[in-house]
**Student:** 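Pasting a structure below so you can have a look.
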Amino acid sequence: MTVSMFSLSTAEIAALTLSIKVASYCTLAICIPGIAVAWLLAKKSFIGKSLVDSFVHLPLVLPPVVPGFLLLLLLGSQGVLGKWLQQTFGISVAFTWIGAVIASAVMAFPLMVRSARLAISQVDKSLEAAAQSLGAHPLRVFLTITLPLALPGIVTGLVLAFSRSLGEFGATITFVGNIEGETRTLPLAIYTYTQMPSGDSAAIRLAVLSMLIALAALMVSDWLERKALRRIGQGLEHD
Amino acid sequence: MIDIDLKCIQGKFELNAKCSIDAPVLGLFGPSGAGKSTLLAMIAGLKKPTKGHLIVDGEYLFDSIRGVDLAPHKRRMGTVFQDSLLFPHLNVRDNLSYGFNLLAKKEQYLKLPKIAELLEVGHLLAQKPHQLSGGEKQRVALGRALLTSPRLLLLDEPLASLDVRLKHQILPFLRRAKDELKIPMIYVSHAIDEILYLTPQIAMLDAGKIIAAGKFHELIHDQKVMILAQSLGLENVLHTQLLEQHPDHGYSLTSIGTQLLAIPLTEAVIGSQVSVAITANNIALSTSRIEGISIQNQLVGKVNDIQQVGTRMLVSVDVGVQLLVEVTAKSLIDMQIGQGSTVFCLFKTQSVQPFPAINPQ
């Protein structure tokens, strides 16, 4: 029992590596757009800002099945964009791991934006003014002052996004299905095992594994955040 | 040459600043809330004026009629703020060179080693801002602004957040920057002694308006100016020359014109200039020299102006330079002192506050 508890089957290993792959690509994909939208919402006022704000946050409040279904309508083989992608480039994202990345990116995006936005808006505006008075163009001010100072919050946002992606279930299963080795991530695998008569021990193994990954992600985030805070002379009491 | 005509309306507050500046250093003086910082922010381009114009050396930086509004990063103004605003994630060296690195090679007139030496921050280069003391922070902030080789240095109450001891650690460096680098400055403060230490040229701002501009000692004949200056604490600043050191007796002897002045012991070199501050209400008047008194300093001079501010009388005495003395109306009447009277200005050695020495490098 103990041995079988910790030796993973090929299918389980596939689910694990796929999950990490999808979550990593998802985090990578939303990093820059997330920061850009966060900056826009934190610093700029424009017509329709609250609409953009609500739209970005929509996946957070909708049942995950809904964004998944909308993605299917949009990017599925019969979808408006999906059809065009298929005909022009021969690309199909529905029912592929890339589709899983898209689904979790949509779900994780608001978490990233919320965290980065808060961090960016908390950067002392007078520091930015000081940089400008020293001759720095606004873009340079953002890259050399705002971004490094907002880094702890941005890192938090990225870890939240990574974790959200690991846990993503509803949008993924709706948009890309539950295909072993292609779209069956950890949560989908666990769900599948729980539906099987003899799947309990595999489900438990994967559940424990999920917890370990989540815990590791939180610890890495905490470490990165403290490192970033130390750079700006805060959080010294943690040393 | 700076030509300022800027208007800014913010709710109920209206700033209407009009003046032209030709002096190397201008002290912008006024009470809190007068609009000093707002004016400076408009000059730096960090705040947009409602209307008006700003011309520096013939170049329009702002003009509401022509639609000119040069972005702050293109104005070449060095600003030092009340809080040093050092970038917390960069060490002192990177803070200092932040603006310097953005200049074209041929515009880099001032180099880091020279500035670091001038401001005595060379040993701090590897440190982070949170490791510095308040005085060190302000020196780095000053150096950072100087290293952009600004055409105008804007100092927004750079000493307001420091205690007296730290102030005295910064002031000489400002003086050095003024004397050795010859960068024009606008120095904002509500402390008249700081301003007079750097320059006699001041502009007085009150409730959003420049009420007077010129040499301080000429301006104070104006009742309005006098009332304002008196409310903020009237300080005389004298630039004296060090003659003798008397460490055993705890004083230094200096001269001002032909008269002698005893001040608390300083570290300056004999022959060098020592600036001192004396508060107007620490000086007493007498119609004759008094013998047998512990007060060392008795400067003789002629009364050339008397102003009444509330129940206080402010007497300007020409002792070679102008000295402001604050006394009660009663004592003037009792002593029959009027314009043209010869008087002795009495003050204790210990009431003289020497500014720290600027030892030449």
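By convention in this document, chain letters (A, B, ...) are assigned in the order of the sequence lines, proteins followed by strands, and residues within each chain are numbered from 1. Being a predicted model, the structure only gives us computed values, none of them experimental.
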**Student:** Could you check whether atom CZ of A:Arg114 has more than 12 heavy atoms from other residues, nucleotides or ligands sitting under 6.0 Å from it?
**Tutor:**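 It does not: A:Arg114 CZ has 12 such atoms or fewer within range.
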**Student:** Do the side chain of B:His89 and the main chain of A:Thr144 share a donor and acceptor less than 3.5 angstrom apart?
**Tutor:**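 Yes, the answer is positive, given that a donor and an acceptor are paired below the 3.5 Å cut-off.
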**Student:** Roughly how far apart are B:Asn101 CG and A:Leu134 CG, rounded to 0.5 Å?
**Tutor:**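 The CG atom of A:Leu134 is 11.0 Å from CG of B:Asn101, to the nearest 0.5 Å.
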**Student:** For atom CZ of A:Phe55, decide whether the heavy atoms of other residues, nucleotides or ligands shown that lie under 6.0 angstrom number more than 12.
**Tutor:**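 Open.
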**Student:** Check this for me: B:Met1, atom CE, are more than 12 non-hydrogen atoms of other residues, nucleotides or ligands nearer than 6.0 Å?
**Tutor:**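 More than 12 within 6.0 Å, yes.
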**Student:** Looking at A:Leu212, I want to see if its CG is surrounded by more than 12 non-hydrogen atoms of other residues, nucleotides or ligands under 6.0 Å.
**Tutor:**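 Counting neighbours around CG of A:Leu212, more than 12 heavy atoms of other residues, nucleotides or ligands fall under 6.0 Å, so yes.
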**Student:** For the interface with chain B, which of A:Ala129, A:Pro148, A:Ala136 has the highest count of heavy-atom pairs at distances below 4.5 Å?
**Tutor:**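 If we count pairs closer than 4.5 Å to chain B, A:Ala136 comes out on top.
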**Student:** For B:Arg76, is it the side chain, the backbone, both, or neither that has a heavy atom closer than 4.5 Å to a heavy atom of chain A?
**Tutor:**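 Neither part.
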**Student:** Can you say whether A:Leu127 sits under 4.5 Å from chain B via the side chain, the backbone, both, or neither, judging by heavy atoms?
**Tutor:**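 Both backbone and side chain of A:Leu127 come within 4.5 Å of chain B.
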**Student:** With chain A as the partner, which of B:Asp83, B:Leu102, B:Leu86 has the greatest number of non-hydrogen pairs under 4.5 Å?
**Tutor:**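 Most heavy-atom pairs within the cutoff with chain A belong to B:Leu102.
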**Student:** Please determine whether the number of non-hydrogen atoms from other residues, nucleotides or ligands lying under 6.0 Å from atom CD1 of A:Ile13 exceeds 12.
**Tutor:**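 Counting other residues, nucleotides and ligands, CD1 of A:Ile13 exceeds 12 neighbours.
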**Student:** Heavy-atom cut-off 4.5 Å, strictly under: side chain, backbone, both or neither for B:Leu147 against chain A?
**Tutor:**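 Looking at B:Leu147, nothing touches chain A.
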**Student:** Is the count of non-hydrogen atoms from other residues, nucleotides or ligands lying under 6.0 Å from B:Lys18 atom NZ greater than 12?
**Tutor:**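 No, because the 6.0 Å sphere around NZ of B:Lys18 holds 12 heavy atoms or fewer from other groups.
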**Student:** If I take atom OG1 from residue B:Thr79 and atom CD from residue A:Gln132, how far apart are they, to the nearest 0.5 angstrom?
**Tutor:**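 Atom-to-atom, B:Thr79:OG1 and A:Gln132:CD are 10.5 Å apart.
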**Student:** For the atom pair CG (B:Leu85) and OG (A:Ser133), what is the distance rounded to the nearest 0.5 Å?
**Tutor:**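 If we round to the nearest 0.5 Å, B:Leu85:CG and A:Ser133:OG are 9.0 Å apart.
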**Student:** Counting only heavy atoms from other residues, nucleotides and ligands, does the tally under 6.0 Å from CZ of B:Arg151 exceed 12?
**Tutor:**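 Counting neighbours around CZ of B:Arg151, more than 12 heavy atoms of other residues, nucleotides or ligands fall under 6.0 Å, so yes.
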